[in-house]
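Atom set for the values below is all heavy atoms of this structure, side chains included, hydrogens, waters and symmetry mates excluded. Starting from 1, each residue takes its place in the sequence as its number.
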Amino acid sequence: MDRSLASWNPLDWPITTGVVPYALLVAGSAALLLLVLVPAPRWWPLRLPAAVLAAAAGGVLTALTVNSWWQPFAGGLPDEVTAWIALALLGLALAVARFVPTVPPRTAGKVLVPVAALLVGVMAASQVNRFYDEYGTLRAMLAPATEALPTGRDPHTVAAPPGGALAQVWHPPPGLPARGTLARTPIPGAKSGFEARDAYVWLPPAYRASPRPLLPVLVLMAGQPGSPSDWVSSGQLETTMNDFAAAHGGLAPIVLMVDQTGSTWGNSLCMDSRIARAQTYLAEDVPDWTRRHLQTAQGRRSWAIGGLSLGGTCALQLAVNAPRVYGTFLDISGQREPTLGSHQQTVQRAFGGDEAAFDAVDPLHVMARERFPDTAATFVVGDEDGEYGPQQRTVHAAAVAAGMKARSMTVPGGHDWNTFRAGLADNVTWLAQQTGLIT
């Protein structure tokens with residue numbers, strides 16, 4: 001898809017690079033100056049500092065609410081994001097201050113003031129989006145386009161030879177589609193009772209061939225806040241996987257983008273606990289559903305699990321707590337342990353304060369007492385990520401000590417989608433090798 005400004009459709013214009021974000025920065029800054037400097041009646045010098053104080057207080061209150069009380073995600077709000085939120089609140093406070101005058105504003109003011117406040121808010125949102133590099137275009141904010149999930153089962157299949165790779169025995173037939181397909185589907189928590197949002201399933205071109213190759217499966221999870229569609233909209237998964245398939249005769253892993261949190265802000269801890277039976281969902285319900293609805297390779301060698309941030313932590317958890325299911329995992333910017341904000345809060349809410357119950361499934365404790373010589377792992381973190389970088393190094397060292405075939409990578413970026421996208425794209429070949437697709 002053409003993402004240059006020459007594209008006719010504004011939905012496809014880049015909004016984290018190029019002209020658009022800088023134009024919004026200029027427009028928002030000019031709007032903020034207008035709200036501050038345009039002459040007003042004599043009461044304005046009193047209301048201006050009040051608006052500034054209100055915005056500053058709002059920013060501080062937002063940070064305290066998110067980081068100390070609500071704690072919807074580990075790590076809290078970065079200072080830069082908090083600053084942009086405060087700036088958006090300043091635009092709103094200035095507009096409110098001008099709209100509660102002693103003398104009603106003129107008609108022009110009734111239009112210009114709210115427009116200026118809106119521009120300041122849009123500028124702040126644009127800069128926050130640039131900070132996380134989440135939505136590259138406006139189209140990425142829309143629901144992904146999907147097709148119906150194929151239901152037919154091909155009577156003729158090709159499996160990887162023992163100890164070999166599927167690519168050695170399957171070859172693309174003429175007329176194979178150039179691109180894979182994306183479907184949206186529920187995956188019920190039949191055993192776990194977990195209420196998951198719909199999953200997204202990417203099927204490579206080879207899946208539509210006959211005889212059908214029995215492809216490996218990659219289960220991917222997003223972070224928090226997040227949803228299964230994030231890997232499609234922000235992670236550019238279709239581009240990454242289609243490029244790999246094009247270079248390998250239509251072969252690529254099947255990708256299941258599943259919901260491990262239950263809601264945008266939820267945190268199941270990916271454990272079976274008082275909160276939810278998320279581990280059972282990921283270790284039993286998801287594989288069971290896949291066997292019923294798709295034709296895939298079987299066995300732990302053919303199944304990999306991965307994720308970003310909280311999803312990366314979750315991938316590690318499933319790899320050590322359900323090693324019979326997942327033989328390979330990809331942990332992108334994950335944490336050293338699952339958390340609801342603090343260790344004490346986590347143990348109390350999930351296990352009623354029972355430290356032994358938490359330790360029984362906590363990855364660092366599991367790896368300290370068990371060995372995993374048949375598990376392959378890759379840990380990825382951004383080279384500017386001062387929060388999760390040290391945690392990843394701790395977990396990687398524990399994985400090596402537990403006998404895993406583990407490697408560690410750094411890529412340019414912080415705790416953002418620059419890192420997350422690269423973490424997957426740079427490891428698709430490795431995943432395909434580990435799961436028996438290619439040599």
Is a donor on one side and an acceptor on the other found under 3.5 Å between the side chain of [X] and the backbone of [Y]?
| X | Y | value |
| --- | --- | --- |
| Ser268 | Gln260 | yes |
| Thr435 | Ser302 | no |
| Ser273 | Leu269 | no |
| Gln279 | Val361 | no |
| His396 | Gln392 | no |
| Asn129 | Tyr135 | yes |
| Arg212 | Tyr207 | yes |
| Glu384 | Gly413 | no |
| Asn427 | Leu424 | no |
| Gln433 | Val428 | no |

Quiz prompt | Test log, rule side-chain contact (heavy atoms from CB on, under 4.5 Å), inputs Leu340 and Gln348 | solution = CA-CA 10 Å; Leu340 295 173; Gln348 183 60 44; over 6 Å; no

Quiz item: Would Gln298 and Thr296 satisfy side-chain hydrogen bond (donor to acceptor under 3.5 Å, both in side chains), going step by step from the backbone distance to the final call?
Solution: CA-CA 6 Å; Gln298 299 299 318; Thr296 73; 3.3 Å; yes

Quiz item: How about Glu195: does its CD atom have over 12 heavy atoms from other parts shown lying under 6.0 Å from it?
Solution: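 Result for CD/Glu195: open.
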
Practice problem: Tell me, yes or no, whether the heavy-atom count around Gln168 atom CD, taken from other residues, nucleotides or ligands under 6.0 Å, exceeds 12. | Solution: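 Atom CD in Gln168 is packed in, count exceeds 12.
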
Practice problem: Using the six-membered ring of Phe351, assess whether NZ or CZ of Arg274 lies under 6.0 Å from its centre and within 45 degrees of the ring axis. | Solution: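 No; the conditions do not both hold, so Arg274 does not lie above the ring face of Phe351.
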
Hey, are [Y] and [X] close enough side-chain-wise for a donor-acceptor pair under 3.5 Å?
| X | Y | answer |
| --- | --- | --- |
| Arg153 | Gln295 | no |
| Arg300 | Thr375 | yes |
| Thr313 | Gln335 | yes |
| Arg407 | Thr378 | yes |
| Glu337 | Thr339 | no |
| Ser342 | Gln345 | yes |

Donor-acceptor pairs under 3.5 Å, side chain of residues 241-259 to any protein atom, not counting sequence neighbours: which ones?
unit_1, atom_1, unit_2, atom_2, d
Asn242, OD1, Gly180, N, 2.7
Asn242, ND2, Glu238, O, 2.9
His248, ND1, Phe244, O, 2.8
Asp259, OD1, Arg197, NH2, 3.0
Asp259, OD1, Thr261, N, 3.1
Asp259, OD1, Thr261, OG1, 3.2
Asp259, OD1, Gly262, N, 3.1
Asp259, OD2, Arg197, N, 2.7
Asp259, OD2, Arg197, NE, 3.1
Asp259, OD2, Gly262, N, 3.2

Practice problem: Could you note down all residue pairs passing salt bridge (charged side-chain N to carboxylate O under 4.0 Å, His left out) where residues 410-436 supplies at least one of them, sequence neighbours left out? | Solution: Asp133-Arg421

Quiz prompt | Pairs flagged by salt bridge (charged side-chain N to carboxylate O under 4.0 Å, His left out) wherever residues 346-361 is involved - sequence neighbours left out | solution =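 As it turns out, there is no salt bridge (charged side-chain N to carboxylate O under 4.0 Å, His left out) pair with a partner in residues 346-361 once direct neighbours are skipped.
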
Which atom of [X] lies closest to which atom of [Y], heavy atoms considered:
| X | Y | result |
| --- | --- | --- |
| Tyr388 | Gly334 | CD2-O, 3.5 Å |
| Leu138 | Pro10 | CD1-O, 4.2 Å |
| Gly306 | Ala315 | CA-CB, 3.7 Å |
| Pro204 | Leu215 | CG-CD1, 3.4 Å |
| Pro287 | Trp303 | CA-CH2, 3.7 Å |
| Gly223 | Ser309 | CA-CB, 4.4 Å |

Exercise. May I have the step-by-step check of side-chain contact (heavy atoms from CB on, under 4.5 Å) for Val217 and Leu294, ending in yes or no?
Key: CA-CA 10 Å; Val217 177; Leu294 299 171; over 6 Å; no

Quiz item: After noting the C-alpha distance and the side-chain angles of Asp230 and Phe420, does the key distance pass the side-chain contact (heavy atoms from CB on, under 4.5 Å) rule?
Solution: CA-CA 11 Å; Asp230 288 353; Phe420 307 151; over 6 Å; no

Would you say the side chain of [Y] lies within less than 4.5 Å of the side chain of [X], judging by non-hydrogen atoms?
| X | Y | value |
| --- | --- | --- |
| Phe194 | Thr280 | no |
| Leu316 | Val395 | yes |
| Leu11 | Thr137 | no |
| Leu94 | Leu32 | yes |
| Arg208 | Thr181 | yes |
| Val411 | Asp383 | no |
| Leu166 | Leu214 | no |
| Trp231 | Leu308 | yes |

Exercise. Start with the C-alpha gap between Phe329 and Phe379, add the side-chain angles, then the distance that decides, and say whether ring pair (Phe, Tyr, Trp, His ring centres under 6.0 Å) holds.
Key: CA-CA 9 Å; Phe329 73 93; Phe379 297 89; 5.6 Å; yes

Quiz item: Which pairs pass disulfide bond (SG atoms under 2.5 Å apart) with one or both residues in residues 271-364, sequence neighbours excluded?
Solution: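 Passing the test, one end in residues 271-364: Cys270-Cys314.
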
Self-check item: Non-neighbouring partners of Asp198 that pass side chain to side chain contact (heavy atoms under 4.5 Å, CB included), sequence neighbours left out
Solution: Arg184, Pro186

Exercise. List the steps and the verdict of ring pair (Phe, Tyr, Trp, His ring centres under 6.0 Å) for His415 and Tyr132.
Key: CA-CA 7 Å; His415 199 73; Tyr132 290 111; 8.2 Å; no

Quiz item: Atom OH of Tyr200 and atom OG of Ser227: how far apart are they, to the nearest 0.5 Å?
Solution: 7.0 Å

Exercise. Working to the nearest 0.5 Å, report the span between CG of Leu318 and CG of Leu282.
Key: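 It comes to 5.0 Å.
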
Practice problem: Decide side-chain contact (heavy atoms from CB on, under 4.5 Å) for Leu90 and Val120; before the verdict, give the C-alpha distance in whole Å, the side-chain angles of both, and the deciding distance to 0.1 Å. | Solution: CA-CA 8 Å; Leu90 177 59; Val120 174; over 6 Å; no

Quiz prompt | Pair Lys191-Asp285, salt bridge (Lys or Arg N to Asp or Glu O under 4.0 Å): steps then yes or no | solution = CA-CA 6 Å; Lys191 293 181 179 178; Asp285 288 329; over 6 Å; no

Self-check item: salt bridge (charged side-chain N to carboxylate O under 4.0 Å, His left out) partners for Lys405, two or more places apart
Solution: none

